Amino acid sequence: MSGGARVLVTGAGITGRAIVTALAPFGLDVTLCDDNPAALSAHPELTTCRPDEAAARVGDYALVITSPGFGPDTPVLSAAASAGVPIWGDVELAWRLDATGHYGTPRRWLVVTGTNGKTTTTSMLHAMLVAAGRRAQLCGNIGDPVLDVLGEPGDELAVELSSFQLHWAPSLRPEAGAVLDIAEDHLDWHGSMAAYTADKARALAGRVAVVGMDDAAAAALRDTAPAPVKVGFRLGRPAPGELGVIDGMLVDRAFADNVALAPVVSIPVPGAVGILDALAAAALARSVDVPAEAIAAALESFEVGRHRAELIVVDGGVSYVDDSKATNPHAAEASVLSHPRVIWVAGGLLKGASIEPTVARIAGHLAGAVLIGRDRGEVAKALSRHAPDVPVVHVVTGEDIDMGDTAVSPVTHVRRVTDGVNETLGSRVMTAVVAAARELARPGDTVLLAPAGASFDQFAGYGARGDAFADAARAAAGSA
């Protein structure tokens, strides 16, 4: 990037601000575009414009650096591609700056991606690095953008990357990268499962490729990964070159000969999901010589993040669990299967993913369902086919519901949320959800918020959705 070159930055949010700050020392002519005038007004030092204005003259720029939310078919990026203008994401920029020594000695990047489990795995990995005395930063799609932590002293980066971020990072070559699993998600952004899978596979282009062998789509990437070292992890007994479980212990047969790492009972995340996340994190940690003792210590003290199978309250023998981060069917399926009998709170934005296979596999665990959000009708249709005897309640926000078109179960009910004066829409929705769930639940059940969809139709994000559910559950328990 030569001084004076014209660079277009798309997106003025958290990532856009990190990009602008990172570019400042280079004397570039930076233009920032966004549809939000308020976000642009925070940068009076820059030339600003709307994306449609930038698209009309995109050929004037030597480079476009985009925030990950901008998809390939966004008009400004589509125009840039047609004009032959290079497009980088913030991760691509960070990788190039770090690899060329702009921030000093380059870090070793340890990358985690997959449809589900990324945040927990990356957090476990970071804890293992810290327990080993490493100077490590947690960044990427979790916490701070990578660009914001490169100025801090560090040896390794524990980096969570989404498929969006990987799409715009073609030159990334991490020290080690893991693909945990691959299931339908964000197909509205990528256009196809093949494109989504190809973007995830970019994490495997470095020295060590780690893949989940219990997930067929992820396992298929191991043999084709360009990394010279290929490692698998599985719930069962590991083969040579893998990590797995033997007699209740996590065992490394990839970077050592049958080295026991930690007992399964020390993993605080319940069910098979927690074991797989711990194995993936351990594989990445072992790739940079983290000793078994540090892995065991990190898992023993690890705390589950908010909105990830978080137990909120137990009331009358019924557990209320917030797994709002389960924003796709695959994640919701794993969450439901971790409990024997569930009142399932589901719905939201399915993002082009099919809910049918998930409902077919979890039907035997369902004692009831409370449905919310724009795509609740799709969930209801799947329930009517695969779990017709499960009682279903729709919580609607004033809109009409066509019972025939929705093809809901014969025991379906509708709870309408009317306008309130002192409550937000989200809190009203979740108050009605918890009230409906309490009527369906019996002692020993779990009321589980594992929506299988994104939250933006009704909430500011999955965190706001989880908070509203938790508040409603605690309030109901306090008034019981």
Side-chain angles (χ1 to χ4, degrees), residues 110-131 136-144 156-163 165 176-183 185 200 203 210-212 214-215 218 233-235 243-245 250 261-286 290 294-312 321-339 448-452 461-463 465-466 470:
L110 305 174
V111 169
V112 178
T113 194
T115 303
N116 301 299
K118 295 186 294 295
T119 297
T120 299
T121 301
T122 311
S123 299
M124 286 179 171
L125 169 62
H126 180 252
M128 293 171 186
L129 295 169
V130 171
Q137 278 83 41
L138 181 67
C139 56
N141 199 44
I142 176 177
D144 297 317
E156 283 108 7
L157 301 178
V159 191
E160 176 189 325
L161 293 183
S162 70
S163 56
Q165 291 168 311
V179 176
L180 309 179
D181 52 16
I182 298 176
D185 201 15
K200 290 291 189 186
V210 177
V211 299
D214 292 340
D215 182 90
F233 65 93
R234 65 174 73 241
L235 282 175
L243 282 76
V245 179
L250 306 187
L261 302 176
V264 168
V265 295
S266 70
I267 301 171
V269 182
V273 171
I275 300 172
L276 290 169
D277 290 348
L279 286 166
L284 292 171
R286 296 289 284 170
V290 170
I295 291 172
L299 291 176
E300 186 176 6
S301 61
F302 186 78
E303 295 183 1
V304 179
R306 295 290 318 283
H307 314 300
R308 294 167 177 84
E310 181 183 5
L311 177 63
I312 302 303
V321 175
D322 168 16
D323 201 5
S324 185
K325 189 63 170 65
T327 57
N328 57 68
H330 189 263
E333 178 179 331
S335 188
V336 171
L337 293 178
S338 296
H339 306 277
L448 176 64
L449 173 65
Y462 74 83
R465 178 170 61 188

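The structure displayed is predicted, hence computed values, not measured ones.
No donor-acceptor contact under 3.5 angstrom links the side chains of R306 and Y462, judged on distance only.
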Chi angles and distances behind the side chain to side chain contact (heavy atoms under 4.5 Å, CB included) call for L180, V112: CA-CA 8 Å; L180 309 179; V112 178; 4.0 Å; yes

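Summarising the geometry of A218 relative to G212, their closest heavy-atom pair is CB-O, 3.7 Å, with the distance given to 0.1 Å. Contact between G271 and S338 at its shortest, heavy atoms only, is CA-OG, 4.4 Å. Closest heavy-atom contact between A296 and A262: CA-CB, 3.9 Å. Among all heavy-atom pairs drawn from A281 and M124, the shortest one is CB-CB, 3.7 Å. D322 and L449 make their closest contact through OD1-CD2, 3.8 Å (heavy atoms, listed as atom of the first residue, atom of the second, distance). Scanning all heavy atoms of the two residues, the minimum distance from L299 to A278 falls at CD2-CB, 4.0 Å.
Residues in residues 325-336 take part in these salt bridge (charged side-chain N to carboxylate O under 4.0 Å, His left out) pairs, two or more places apart or across chains: E333-R361.
Atom SG in C139 sits 4.5 Å away from atom CG in L157 (nearest 0.5 Å). Here the CD1-CG distance, from I182 to N116, works out to 11.5 Å after rounding to the nearest 0.5 Å. Put simply, OG on S162 and NZ on K118 are 7.0 Å apart, with the number rounded to the nearest 0.5 Å. Residue S123 holds its OG atom at 7.5 Å from CD of E160, rounded to the nearest 0.5 Å. Expressed to the nearest 0.5 Å, how far CG of L276 lies from CG of D214 amounts to 5.5 Å.
Applying the side chain to side chain contact (heavy atoms under 4.5 Å, CB included) criterion to V130, with sequence neighbours excluded, gives H126. Checked against side chain to side chain donor-acceptor pair (under 3.5 Å), S335 has the following partners two or more places apart in sequence or in another chain: D323. The side chain to side chain donor-acceptor pair (under 3.5 Å) search around Q137 returns none, not counting sequence neighbours. Qualifying side chain to side chain contact (heavy atoms under 4.5 Å, CB included) partners for A282, counting only residues two or more places apart in sequence or in other chains: M128, L243, L261, I295. Residues forming a side chain to side chain contact (heavy atoms under 4.5 Å, CB included) with L311 (at least two apart in sequence, or on another chain): V314, S319, V321.
Within the 4.5 Å cutoff, no side-chain heavy atoms of T327 are placed close to those of P451. Two residues are said to be in side-chain contact when any heavy atoms from C-beta on lie closer than 4.5 Å; H330 and D215 meet this criterion. At least one side-chain heavy atom of L250 sits less than 4.5 Å from a side-chain heavy atom of I275. Counting only heavy atoms from C-beta outward, the side chains of I267 and F302 never approach each other to under 4.5 Å.
The local environment of CD in E300 is sparse, with at most 12 non-hydrogen atoms from other residues, nucleotides or ligands closer than 6.0 Å.
Without hydrogens or angle criteria, D181 side chain to G114 main chain gives no donor-acceptor distance under 3.5 Å. A donor-acceptor pair under 3.5 Å is absent between the side-chain atoms of T120 and the main chain of G117, judged by distance alone. Judged by distance alone, with hydrogens and angles left aside, the side-chain atoms of T113 form a donor-acceptor pair with the main-chain N or O of L161 at under 3.5 Å. A donor-acceptor pair under 3.5 Å links the side-chain atoms of S301 to the main chain of A297, judged by distance alone.
Screening V290, L129, L125, T122 for a side-chain contact (heavy atoms from CB on, under 4.5 Å) involving L284 leaves a single residue, L125.
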